Amino acid sequence: MALTLQNRVLAVLLFALLSFKATSSSHHHHHHHQGLKSLHFSLFQHETINRTGYIIVKGVAGPGVSQTTLPFGTLFAFQDPMTVTANRTSKLVGIAEGTSITSGLDGLRSISIAKITLRLKNHSGSISIVGGTHNIKPSDHPVVGGTGDFLFVQGYVTSSPVNLKGLTVTYKIEFHLYWPPYATHTSS
């Protein structure tokens, strides 16, 4: 009897912990883990072909141009708005600008470089990211630098497709940012 009650208590505690973790990812949260200040939040990137994103050089092989594919070797440049919800007309809080080169013969993968300039309630500056992007699956991009309140920031950004239909495609961008102990005085 006591073992069953103990298992139920553990199950309830585990469920509560997982529920808290799941609900906390959509808000701005500051944490301090082992001397690292951290910030976790999500925004939405909206990319419209021939308005905020342009093909500079068309690739040479593979599938044609669509919302999810570009020919191998295509050089693409973008300057996309970032908002607080998946609705394009929601509050604008940043701009993602950068370039990508289609690196997969299937047209779904690319090497991406971006600078994300943010104007949040308590933080402003830019975050630089680089890495491989999959156009129809979530992709993690390491943070390689920052400016302003994001000076010395480390961490990663996850890009996940939300809406790939129509002229404007939308991606959810999840930020997982950490400041080393020596940077907390200059970035707070």
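Every value quoted in this text rests on a predicted model; they were computed, and no experiment measured them. These values consider heavy atoms only, across backbone and side chains, with no hydrogens, waters or symmetry-generated copies.
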For V162 against A86, the heavy-atom pair lying closest together = CG1-CB, 4.4 Å
ask   = Which residues, ordered by chain and number, are linked to I49 in its hydrophobic cluster, where ILVMFWY side chains connect at heavy-atom gaps below 4.5 Å, directly or through other members?
value = I55, V65, L70, F76, F78
ask   = With a cutoff of under 4.5 Å between side-chain heavy atoms, which Ile, Leu, Val, Met, Phe, Trp and Tyr residues group with V60?
value = F72, L105
task = Would you please say whether a donor-acceptor pair under 3.5 Å links the side chains of T52 and H46?
result = no
query = Does T147 reach the main-chain N or O of S126 with its side chain, forming a donor-acceptor pair under 3.5 Å?
reply = yes
ask   = Are F152 and Y182 close enough that their ring centers fall under 6.0 Å?
value = yes
Less than 4.5 Å apart, side chain to side chain, heavy atoms only: is that true for [X] and [Y]?
X: V93; Y: R119; answer: no
X: I101; Y: S110; answer: no
X: L43; Y: T83; answer: no

ask   = Quick one: salt bridge (Lys or Arg N to Asp or Glu O under 4.0 Å) partners of D106, sequence neighbours excluded?
value = R109
ask   = Roughly how far, to the nearest 0.5 Å, is NE2 of H141 from CD1 of I116?
value = 9.0 Å
task = Please indicate whether L167 has more than 12 foreign heavy atoms, meaning atoms of other residues, nucleotides or ligands, lying under 6.0 Å from its CG.
result = no
